[in-house]
Number of protein chains: 2
Amino acid sequence: MLQAPLILQEHSRCADCPIRHRAVCAYCEPAELVKLDAIKSYKTYKAGETIAWAGEPMDVIGSVVSGVATLSRTLADGRRQMVGLLLPSDFIGRPCRPAVAFDVVAASDVTICRFNAPEFEKLVRATPALERRLLDMTLDELDAARDWMLLLGRKTAREKIASLMAILARRDANLTQQTVADGILFSLPLTREAMADYLGLTIETVSRQISALKKAGIIILEDSRHVRVPDFVALLDEAGDDSDGGMVS
Amino acid sequence: MLQAPLILQEHSRCADCPIRHRAVCAYCEPAELVKLDAIKSYKTYKAGETIAWAGEPMDVIGSVVSGVATLSRTLADGRRQMVGLLLPSDFIGRPCRPAVAFDVVAASDVTICRFNAPEFEKLVRATPALERRLLDMTLDELDAARDWMLLLGRKTAREKIASLMAILARRDANLTQQTVADGILFSLPLTREAMADYLGLTIETVSRQISALKKAGIIILEDSRHVRVPDFVALLDEAGDDSDGGMVS
DNA sequence: CCGAAACTTTGATCTCGATCAAGGCGCAAC
DNA sequence: GTTGCGCCTTGATCGAGATCAAAGTTTCGG
């Protein structure tokens with residue numbers, strides 16, 4: 001079970017960097033916040049731009065401030081699988097590892113709050129609370145990855161689409177603190193191709209299954225990138241989990 | 001890249017517990033070994049026995065000494081996906097988490113070296129080196145899980161089987177320190193059903209693809225549970241990775 | 001406004017792996 | 001021995017999703 005995302009009010013100085021809250025600040029002392037402040041900078045990437053290639057030296061450590069980034073790997077013949085979706089407040093980078101393990105690509109325009117890598121690692125080493133927090137986050141990501149393995153290995157195309165919608169709806173609702181009135185409204189921050197790469201499908205199948213869910217009344221397409229879910233429980237039912245619809249780290 | 005498993009010679013007192021080496025001892029002081037010694041016990045499970053159910057309170061923390069255990073999740077209608085394979089020297093359990101996240105099942109008779117959970121966690125909290133080691137291990141598992149996502153989402157049945165064979169061959173070779181003479185010989189510690197659950201296939205497809213690889217000369221079946229690989233590179237080629245064939249944590 | 005490019009949808013057909021079905025093998029109990 | 005039970009293999013058929021193909025929609029620069 002994901003702990004509820006921590007919203008910004010706790011430390012006023014975090015207002016400009018949502019990330020530090022969820023990813024780093026949760027268990028750390030105000031003193032560490034100041035130290036993190038000193039080594040951070042912002043960078044914006046255009047949609048489609050590659051932020052880091054697998055195998056490169058690790059210099060991307062930070063978090064997503066806005067937009068969507070993806071982690072993926074591509075086989076020699078071009079088949080691609082996305083292995084992680086990085087939404088605002090998600091942490092990027094593997095602390096204390098020399099190289100990037102998967103390609104990091106901007107799915108939309110993305111702004112990232114970056115920490116100077118060597119200094120960040122030095123700070124981590126010196127701060128047990130930070131290290132503990134990183135372990136905690138990594139365990140969350142591991143659980144999410146394993147939930148996704150169940151989806152990739154055993155769910156039908158329709159269940160895959162419903163699961164993805166449920167995750168995005170939940171994330172969006174958390175971010176906007178929106179209550180469920182005439183249904184949840186959220187945006188699809190991914191192209192059909194990106195969804196296909198995430199779900200282990202083709203774009204045609206993604207499109208067809210979205211149409212099918214629309215026809216069944218489970219979702220309503222405001223336009224091709226905005227979805228309304230009148231009955232979230234019905235959506236979860238389509239997703240096939242008995243549990244809570246899966247989580248992104 | 002997996003670091004070479006640490007073999008036993010480093011501390012003589014570890015001789016009876018291979019686990020502590022790979023999972024815990026690598027970075028810790030001899031003093032911590034003594035403390036771990038004090039809270040460990042062994043337990044053996046029969047093949048097929050469930051070691052822990054998802055959702056149960058976490059009291060299984062330790063490592064596999066011999067045999068094979070699996071992590072899996074099952075959908076309401078019975079579809080099952082294995083999300084982790086726990087071979088000798090692999091760590092079991094999520095430090096400092098209240099509940100088990102996936103079913104832990106013995107695939108063969110399994111002996112586990114268990115640590116008293118509360119005391120283990122206390123020791124972790126008090127020992128930054130241990131905590132760092134756990135973070136490191138968790139990152140390895142995360143990478144392995146994501147590699148597996150690529151397999152589940154995008155590889156063909158034949159590539160899946162070849163990938164699994166490559167992983168098992170590598171693990172076995174590492175354990176036995178065996179050199180490649182007339183090929184690598186290793187045992188399949190899994191039933192066809194377990195392989196199917198791991199690869200997102202059915203048992204019939206697993207059986208057929210193993211037969212196909214046999215017919216193609218990529219593998220030689222000594223019997224249904226023992227495989228010889230005359231040319232490991234040819235096997236990797238069938239597995240479809242450009243990289244190193246994938247790793248189990 | 002037009003035109004081009006990127007993205008999306010829909011249709012027709014094909015194929016890989018699932019499903020259904022039968023039989024073989026190894027082993028333990030009787 | 002025979003019976004029964006797990007486990008594995010092989011064959012025949014089916015179907016979900018891939019592939020091939022075409023057309024509709026949105027966006028953006030001119």
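Here is the naming used below: chain letters follow the sequence lines, and residue numbers restart at 1 for every chain.
A 6.0 Å sphere centred on CD of B/E49 holds more than 12 heavy atoms belonging to other residues, nucleotides or ligands. In A/E222, the CD atom is crowded: over 12 heavy atoms of neighbouring residues, nucleotides or ligands sit closer than 6.0 Å.
If you run side chain to side chain contact (heavy atoms under 4.5 Å, CB included) between B/Q81 and each of B/L199, B/L152, B/D197, B/T74, only B/L152 comes through.
Here the closest heavy-atom approach between residue B/A69 and residue B/I51 is recorded as CB-CD1, 4.2 Å. Annotation for A/L151 and A/S163: closest pair CD1-CB, 3.5 Å, computed over non-hydrogen atoms. The two residues B/L86 and B/F91 make their nearest non-hydrogen contact at CD2-O, 3.7 Å.
Checked by atom type, the side-chain pair B/T111/B/T44 shows a donor-acceptor distance below 3.5 Å.
Rounded to whole Å, the distance from CZ on B/R79 to P on C/dA18 is 13 Å. Nucleotide C/dC16 holds its C1' atom 11 Å from the NZ atom of B/K160, rounded to whole Å.
The residue B/G48 sits apart from the nucleic acid: no heavy atom pair falls under 4.0 Å.
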Give the B/S/- string for nucleotides 5-11 of chain C, one per nucleotide from 5' to 3', where a protein heavy atom under 4.0 Å of the base yields B, of only the sugar-phosphate yields S, and otherwise -.
-> ---SBBB

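Protein chain A touches strand DNA chain D; the 5'-most and 3'-most nucleotides with an atom under 4.0 angstrom of its non-hydrogen atoms are D/dG17 to D/dC20.
Between B/D223 and B/R225, no side-chain nitrogen of the basic residue sits less than 4.0 Å from a carboxylate oxygen of the acidic one, so the salt-bridge criterion is not met.
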